[in-house]
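Report on one structure; see the data block that follows.
Positions are given from 1, in the same order as the sequence printed here.
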Amino acid sequence: MKFFMNYKPPCHSIPTFFTLPNFHNFITLLTFITFISPISAQKSMEINLNSNWEFRKVGDSGWMPATVPGCVHTDLMANNSIPDPFMADNELQVQWVEREDWEYQTTFRVSRRLLNHQFIELNFAGLDTYAEIYLNDKYFGTTENMFVQYSFNVKEYLIPGNNKLVLKFLSSTEHAEKLMSNSPVKYSDDIRVWARKAQYQFGWDWGPKLSTSGIWKPVTIKAWNKGRINSLFFHTVYATPDSAKFFIEYEYELDTTKNIKLQLTNITTGEIIKTNYISDKKYKGRIYQTIEHPKLWWCAGLGEPDLYTFELKISNGLKVIDRQTITAGIRTTEFINNDQANGGDFYFKLNNVPVFAKGTNIIPLHSFPSAVKKTDYRNLLTEARAMNMNMIRIWGGGIYEDDYFYQLCDSLGLMVWQDFMYACAMYPMHELNHQGSITDEVVQQIKRLRSHPSIVLWCGNNEIMEGWQNWGWQETFKYTEQQAYKVYSNYSDWFDINFHSELKLHTGIQNNYYPSSPSFGWGHIESLLEGDCHYWGVWWGHEPFEAYNQKIPRFMSEYGFQGMPSFNSFKKFISINEITGKTADVLLNPTIKIHQKHPIGYETIQEYMMRDYIVPENFDDFIYVSQLLQARGMQIAIEAHRRNMPYCMGTLFWQLNDCWPVTSWSVIDYYGNRKASYYTVKEKYKAVMLSVESKNDSIFIWVVNDSIQDLDCFINYNLHRTTSDAVDAFSERMVLPAQSAIIVKSFSVFDYLRAILPDNAVLFLSVTDAQNEFASTVFNFTAPKDILLRKPSISFEFDEINSTISVQSDVYVKGLYLYLENAELKLSENFFDLAPLSRKTIKVEGGFPLNMGELLRHKCLNTIYRN
Ligand code: BMA
């Protein structure tokens with residue numbers, strides 16, 4: 001809930017003496033860089049312990065087969081012990097799972113060859129969350145942070161032949177409850193703040209409450225001799241098109257220096273950058289290089305995201321002791337965040353070029369992150385790129401993403417705003433760190449991710465400062481002054497100081513950190529003058545979409561509106577009978593209610609729909625109009641943000657995706673189906689954007705050009721009656737300056753329309769040159785519900801060879817949505833407006849169904865209003 005209060009206690013640090021029970025015997029944590037994939041050295045060995053697992057509820061006698069990586073919910077589903085919690089209202093039936101303790105075990109063979117290695121380490125890349133670890137019946141310790149990798153020296157504990165590994169997972173829910181009830185201070189009402197695990201699994205306003213446990217990342221045994229490279233870090237010192245300088249920082253540990261050579265090679269160019277004999281057994285050093293005419297890493301829209309791969313090798317004659325590779329991009333980034341006294345700017349520079357950020361907030365792709373496959377990441381991020389985005393914010397209530405996610409962002413040119421995983425509540429930071437687990441989390445994640453060119457910002461948390469200032473926690477929890485001081489300083493020590501110091505220490509960069517997003521709540525004027533803004537006046541505050549035109553911040557990092565998944569998506573988790581019928585009835589269905597997590601989500605959709613659309617009685621049509629509504633809100637917002645460049649330098653809408661089938665703010669639903677808003681974002685995030693601003697009986701035609709080149713083009717104006725061919729059509733040649741937002745024309749509506757009534761008029765605009773269309777938009781002179789829409793006669797033509805559909809109508813068609821009877825289509829455009837008597841050809845992406853003609857269905861506002 002978002003409301004306002006103005007109390008901010010002083011920021012001081014106080015020590016804490018609180019210790020958690022039951023955590024002892026702790027282990028050395030080896031900060032292991034998984035991003036740098038080790039190529040096995042001649043004598044080093046790695047065995048993967050991901051097979052042969054079984055699991056059971058603690059106390060049960062029988063074991064069931066388990067999948068690793070995985071989690072208890074997916075294992076129970078695979079054994080038919082629980083129903084799929086995403087279907088129907090099954091979420092309710094599986095709530096017992098999180099209250100139980102679960103045991104996992106495997107046996108694995110160890111060879112004498114492996115045992116002969118000097119060093120042998122057992123590595124858990126991710127355990128969720130409280131796992132007691134037993135190897136051959138020896139207790140090794142209990143883990144307590146899902147975001148930390150745990151490594152144990154196991155040389156003395158392995159035996160030749162069969163070895164047994166047992167993990168006992170305590171219920172995170174019960175454990176967190178215990179910790180919370182033992183705490184003299186209440187940090188939050190929510191037990192989640194006591195468990196260092198993905199916060200969204202405790203339930204969110206778009207996510208089910210499915211708090212799982214298990215081995216969510218791979219388990220491996222690594223064995224090596226003599227020593228190894230512990231870390232690699234790539235950093236660009238400066239980068240211009242003419243020359244660039246970078247360094248690679250490395251750390252190694254060896255048991256000898258005799259005849260040991262170190263070699264750094266640029267694998268991409270084949271150049272050996274450095275070879276030398278080493279003299280220190282344990283060393284951290286840097287190798288600098290200057291290169292002429294480097295291929296720089298650019299984000300989408302500004303250039304190619306060029307990457308280089310480097311290899312560091314340590315060898316003894318012909319024997320390789322260790323070698324590791326790192327793939328990185330040569331680029332500099334700057335995060336400009338000035339307070340009001342210094343202009344209030346908030347933006348990013350890439351290779352010295354200011355970038356307008358166009359993007360989104362991403363949430364985990366699944367309630368159970370171990371269920372996400374590489375193809376899921378690839379599909380989603382490719383969609384983000386297809387929507388013309390250049391930035392993704394990884395939101396703080398989810399997970400630090402998989403290495404592959406960042407590799408994709410690097411290669412797609414998507415900049416990443418990386419939150420640390422803390423959201424929407426005060427946290428007992430010192431208490432959680434009593435054994436160093438927060439420090440380990442932060443240091444490990446920074447070291448794992450710091451070389452990715454895509455990451456341009458690290459942010460301490462999501463909406464904690466906003467919550468502290470505005471959501472009334474001090475009153476809710478009746479803090480005394482002393483308690484408020486403790487809670488706040490617990491926050492500030494970490495988010496203002498410790499996180500930033502760790503970043504400086506491990507990246508050497510001063511200005512890549514931002515403590516909390518946003519700095520000010522959306523009800524405060526400061527939120528529009530400096531810092532970033534989460535503007536929730538629309539949706540949470542029930543303000544009209546048009547408020548987006550006034551509420552222009554320096555950088556909009558969250559805003560959005562819900563749209564329902566398509567009818568075809570609904571059919572996947574609820575039977576068609578239950579959703580065929582009147583909207584009012586269907587919305588009372590228990591499954592429909594459970595798949596909407598916002599307390600008044602459907603009511604809010606209806607309230608906004610009534611303002612601009614005729615609310616359809618039929619549920620299927622209601623879904624369709626809810627998508628148009630969402631798209632309309634987002635169009636107004638994005639256009640306003642971009643028109644106000646450079647005052648506003650970024651727009652990241654809430655939210656890209658879903659973690660289960662749900663009505664939410666996403667533009668792509670859980671099944672990968674695109675909502676109408678997907679197509680709106682895609683058009684409005686193009687390098688060139690057209691926008692019609694309506695003010696005081698006049699309209700102003702804006703064109704925004706984000707590219708770093710001037711653009712010589714035509715602006716084409718086509719005014720139609722909704723019932724006839726163009727009544728006024730002309731083009732004007734223009735040069736659009738690089739990185740500019742300008743008004744190219746304005747009209748008095750009365751003078752422009754002359755005899756045409758506003759409800760009968762529609763203006764089609766485009767920006768073109770001889771070969772290309774750079775942007776297009778359609779402007780209605782009234783709200784959609786008041787447009788004079790006739791019943792259309794629409795004709796389709798299919799070209800299977802070129803995978804296209806051509807469509808034409810006798811009258812203006814609003815919001816034409818094409819889909820198949822039992823599936824959604826991926827099209828170059830969808831939910832578009834069609835000018836009377838003009839033909840539009842759309843590309844079908846992916847497969848072209850053989851019997852397209854029979855399967856194709858369509859909806860448009862015309863038929864819904866005039867059926
Ligand atoms: C934002 C996010 C989420 C939430 C969303 C929609 O502020 O940070 O916490 O899901 O709002 O309410």
Side-chain angles (χ1 to χ4, degrees), residues 20 22-38 46-50 53 55 66 68-72 101-106 108 110 119-158 163-172 175-176 195-198 212-224 228 230-231 253 369-370 399-403 420-421 432-449 502:
L20 295 170
N22 295 334
F23 291 95
H24 49 88
N25 232 354
F26 244 84
I27 348 114
T28 333
L29 283 164
L30 302 176
T31 37
F32 210 77
I33 313 285
T34 49
F35 159 61
I36 302 160
S37 51
E46 181 167 322
I47 54 172
N48 154 340
L49 302 190
N50 294 339
W53 286 90
F55 82 117
V68 168
C71 71
V72 66
D101 297 342
W102 298 91
E103 223 172 333
Y104 278 73
Q105 70 170 24
T106 186
F108 57 97
V110 167
F119 307 97
I120 309 178
E121 176 188 288
L122 171 62
N123 179 269
F124 299 96
L127 296 174
D128 178 8
T129 294
Y130 303 105
E132 289 173 6
I133 300 170
Y134 301 86
L135 176 63
N136 294 331
D137 296 329
K138 175 174 166 39
Y139 172 67
F140 271 75
T142 305
T143 64
E144 58 174 11
N145 190 327
M146 171 182 175
F147 305 122
V148 168
Q149 290 205 34
Y150 293 86
S151 297
F152 304 87
N153 178 355
V154 289
K155 180 158 168 73
E156 286 165 38
Y157 306 100
L158 291 176
N163 289 258
K164 188 170 167 193
L165 182 58
V166 178
L167 301 181
K168 190 171 148 189
F169 289 91
L170 310 179
S171 152
S172 305
H175 194 74
R196 283 314 293 143
K197 77 185 247 94
T212 194
S213 55
I215 307 164
W216 75 292
K217 292 201 169 209
V219 185
T220 43
I221 286 187
K222 296 172 185 180
W224 68 96
R228 66 173 172 177
N230 288 327
S231 73
E253 232 174 303
S370 53
I399 56 169
Y400 301 94
E401 276 298 351
D402 192 80
D403 294 330
F420 286 96
M421 292 301 125
L432 291 169
N433 196 47
H434 75 291
Q435 298 201 95
S437 114
I438 304 278
T439 309
D440 290 335
E441 171 190 327
V442 170
V443 173
Q444 286 189 14
Q445 296 298 344
I446 293 172
K447 291 182 89 173
R448 179 173 73 98
L449 301 176
E502 295 296 353

State the [atom1]-[atom2] distance between [X] and [Y], to the nearest 0.5 angstrom.
X    : Y    : atom1 : atom2 : value
F119 : K155 : CZ    : NZ    : 9.5 Å
T220 : L49  : OG1   : CG    : 7.0 Å
I215 : F55  : CD1   : CZ    : 11.0 Å
K197 : N145 : NZ    : CG    : 11.0 Å
K168 : E103 : NZ    : CD    : 6.5 Å

Aromatic ring proximity, centroids under 6.0 angstrom, Y157 and F152
no
Evaluate the side-chain proximity of [Y] to [X]: yes if any heavy-atom separation is below 4.5 Å, no if none is.
X    : Y    : result
T439 : E441 : no
S171 : D101 : yes
Y134 : K164 : no
F124 : L167 : yes
I133 : L127 : yes

Where do [X] and [Y] come nearest, in terms of heavy atoms and distance?
X    : Y    : value
S437 : N433 : N-OD1, 3.2 Å
A176 : A195 : CB-CB, 4.2 Å
L432 : E144 : O-OE2, 4.1 Å
M421 : F147 : CB-CE1, 3.9 Å
I120 : N153 : O-OD1, 3.3 Å
P369 : M146 : CG-CE, 4.2 Å

With the threshold set at 4.0 Å, does a side-chain nitrogen-carboxylate oxygen contact exist between K138 and E156?
no
Identify whether the distance between the nearest side-chain nitrogen and carboxylate oxygen of R448 and D403 falls below 4.0 Å.
yes
Quick one: side-chain hydrogen bond (donor to acceptor under 3.5 Å, both in side chains) partners of N50, sequence neighbours excluded?
N48
Would you check if the side chain of Q444 reaches a backbone N or O of Q149 as a donor-acceptor pair within less than 3.5 Å?
yes
Are any side-chain N or O atoms of T143 and backbone N or O atoms of A131, one a donor and one an acceptor, separated by less than 3.5 Å?
yes
Could you label the plane-to-plane angle of the F420 and Y400 rings as parallel, tilted or perpendicular, counting under 30° as parallel and over 60° as perpendicular?
perpendicular
Side chain to side chain contact (heavy atoms under 4.5 Å, CB included) between T212 and D128, worked out:
CA-CA 8 Å; T212 194; D128 178 8; 3.7 Å; yes
After noting the C-alpha distance and the side-chain angles of N123 and V219, does the key distance pass the side chain to side chain contact (heavy atoms under 4.5 Å, CB included) rule?
CA-CA 6 Å; N123 179 269; V219 185; over 6 Å; no
Tell me every residue that passes ring-ring contact (aromatic ring centres under 6.0 Å, His included) with F169, counting only those two or more places apart in sequence or in another chain.
Y104
Between L170 and T129, is a side chain to side chain contact (heavy atoms under 4.5 Å, CB included) present by the stated rule, with each step listed?
CA-CA 8 Å; L170 310 179; T129 294; over 6 Å; no
For N163, check side-chain contact (heavy atoms from CB on, under 4.5 Å) against everything at least two apart and list the hits.
F108, V110, N136, L158, I159
Evaluate the criterion side chain to side chain contact (heavy atoms under 4.5 Å, CB included) for residue pair D440 and Y150; output intermediate values, then yes/no.
CA-CA 10 Å; D440 290 335; Y150 293 86; over 6 Å; no
